[in-house]
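Just so you know, these numbers use all the heavy atoms, side chains as well, and skip hydrogens, waters and symmetry mates. These numbers come from a predicted model, not from an experiment.
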Amino acid sequence: MSKELKGNRLEVIGFTGKNNGDRTMIEVTDADFADQDILKATVLVEKCKFAVVQVKVEKIKQISISNCERIGLVFDSALVGVDVTRCKNVDVQGTGKFYNADIDSSDSVKLYATKQNSESLTILTNGNPQPVIVTLIGGADEEPSEGYIPAQFQSKYVNGSWVTTPVEHGE
């Protein structure tokens with residue numbers, strides 16, 4: 001297990017907890033990026049199991065999760081967004097603004113975003129055996145709203161509802 005800065009990318013690799021009730025907690029802070037420009041920084045979470053990663057950086061460029069199982073990720077804002085690739089049972093929560101969530105070849109992914117962020121969020125899914133569950137969280141007086149995003153589609157939250165269209169590939 002390691003947490004190592006390589007250029008602008010912080011790699012969080014191989015952290016494993018014992019089970020769902022005993023998860024390993026990993027914190028990513030400004031200090032982990034030394035003197036790097038945080039707005040150009042990315043985080044790669046790879047081969048982690050039974051872990052929770054908290055990105056305690058106000059804004060980061062991109063977060064990627066790859067080959068992980070039963071992990072949670074909480075972050076504030078990302079200039080681009082979050083990628084989830086070849087993962088199982090992953091919960092991702094963005095408490096601020098992010099623009100893209102790309103879910104590829106992953107199973108049982110739950111994405112949590114704020115309702116304020118929903119109009120600018122695009123979700124792409126590809127090769128997922130199950131639909132991605134998306135929960136939009138509002139203020140204290142609002143009920144969360146939940147939607148399901150099927151594979152091979154792109155979805156945007158427009159005027160209070162999900163609009164889903166097939167993914168268009170370039171020729």
Peer 1: Please find the pair of heavy atoms, one from Thr114 and one from Thr95, that lie closest to each other, and give the distance.
Peer 2: CG2-O, 3.4 Å
Peer 1: Does Ile123 belong to the same Ile/Leu/Val/Met/Phe/Trp/Tyr cluster as Val80, with side-chain heavy atoms less than 4.5 Å apart forming each link?
Peer 2: no
Peer 1: For the backbone of Ile71 and the side chain of Asp91, can you confirm whether one donor and one acceptor N or O come within less than 3.5 Å of each other?
Peer 2: no
Peer 1: With a 4.5 Å heavy-atom cut-off, do Val92 and Phe75 have their side chains touching?
Peer 2: yes
Peer 1: Does atom NZ of Lys88 have more than 12 heavy-atom neighbours, drawn from other residues, nucleotides or ligands, at distances under 6.0 Å?
Peer 2: no
Peer 1: Would you compute the distance between atom CD1 of Ile26 and atom SG of Cys48 and round it to the nearest 0.5 angstrom?
Peer 2: 5.0 Å
Peer 1: Report yes or no: do Trp162 and Ile103 belong to one cluster of Ile/Leu/Val/Met/Phe/Trp/Tyr joined by side chain heavy-atom distances under 4.5 Å?
Peer 2: yes
Peer 1: In chain order, what residues pass the salt bridge (charged side-chain N to carboxylate O under 4.0 Å, His left out) check against Lys110, with sequence neighbours excluded?
Peer 2: none
Peer 1: Whether the side chain of Thr24 engages the backbone of Gly17 through a donor-acceptor N/O pair (distance < 3.5 Å, no angle test) should be reported.
Peer 2: yes
Peer 1: Any idea which heavy atoms bring Ser77 and Gly96 closest together, and the distance?
Peer 2: OG-CA, 3.6 Å
Peer 1: What residues, two or more places apart in sequence or in another chain, satisfy ring pair (Phe, Tyr, Trp, His ring centres under 6.0 Å) together with Phe15?
Peer 2: none
Peer 1: Supply the atom-to-atom distance Leu136 CG to Glu143 CD, rounded to the nearest 0.5 angstrom.
Peer 2: 13.0 Å
Peer 1: My understanding is that only residues two or more places apart in sequence, or in another chain, count here; which of them pass side-chain hydrogen bond (donor to acceptor under 3.5 Å, both in side chains) with Ser145?
Peer 2: none
Peer 1: Which pairs would a plain distance check flag for residues 30-45, meaning a side-chain donor or acceptor within less than 3.5 Å of a matching protein atom at least two apart in sequence or in another chain?
Peer 2:
| from | atom 1 | to | atom 2 | distance (Å) |
| --- | --- | --- | --- | --- |
| Asp32 | OD1 | Lys3 | NZ | 3.4 |
| Asp32 | OD2 | Lys3 | NZ | 3.3 |
| Asp32 | OD2 | Thr29 | N | 2.8 |
| Asp37 | OD1 | Leu39 | N | 3.1 |

Peer 1: Less than 4.5 Å apart, side chain to side chain, heavy atoms only: is that true for Val28 and Val12?
Peer 2: yes
Peer 1: Would you mind listing every side-chain hydrogen bond (donor to acceptor under 3.5 Å, both in side chains) that reaches into residues 59-73, with sequence neighbours excluded?
Peer 2: Gln62-Asp83, Asn67-Arg86
Peer 1: How many angstroms lie between OG in Ser106 and CD1 in Ile65, if you round to the nearest 0.5 Å?
Peer 2: 8.5 Å
Peer 1: Taking the side chain as C-beta and beyond, is there a heavy-atom pair between Phe98 and Leu121 under 4.5 Å?
Peer 2: yes
Peer 1: I need the minimum non-hydrogen distance between Gln116 and Lys97, along with the two atoms involved.
Peer 2: O-NZ, 4.3 Å
Peer 1: Does a side-chain heavy-atom distance below 4.5 Å link Met25 with Gln54?
Peer 2: yes
Peer 1: Where do Lys47 and Cys68 come nearest, in terms of heavy atoms and distance?
Peer 2: N-SG, 3.6 Å
Peer 1: Going from CZ on Phe50 to CG on Asn19, what distance comes out if it is rounded to the nearest 0.5 angstrom?
Peer 2: 6.5 Å
Peer 1: Transitively linked via ILVMFWY side-chain contacts under 4.5 Å: Met1 with Leu73?
Peer 2: yes
Peer 1: Within the 4.5 Å heavy-atom criterion, are Glu4 and Leu10 side-chain neighbours or not?
Peer 2: no
Peer 1: Within this structure, what is the CG-OG1 distance for the pair Asp102 and Thr85, rounded to the nearest 0.5 Å?
Peer 2: 6.5 Å
Peer 1: Between Ser108 and Asn89, is there a donor-acceptor pair closer than 3.5 Å when you use the side chain of the first and the backbone of the second?
Peer 2: no
Peer 1: What distance do Lys156 atom NZ and Ser118 atom OG have between them, rounded to the nearest 0.5 Å?
Peer 2: 10.5 Å
Peer 1: Under the side chain to side chain contact (heavy atoms under 4.5 Å, CB included) test, which residues partner Thr135, sequence neighbours left out?
Peer 2: Tyr112, Ile133, Ile137, Pro144, Glu146
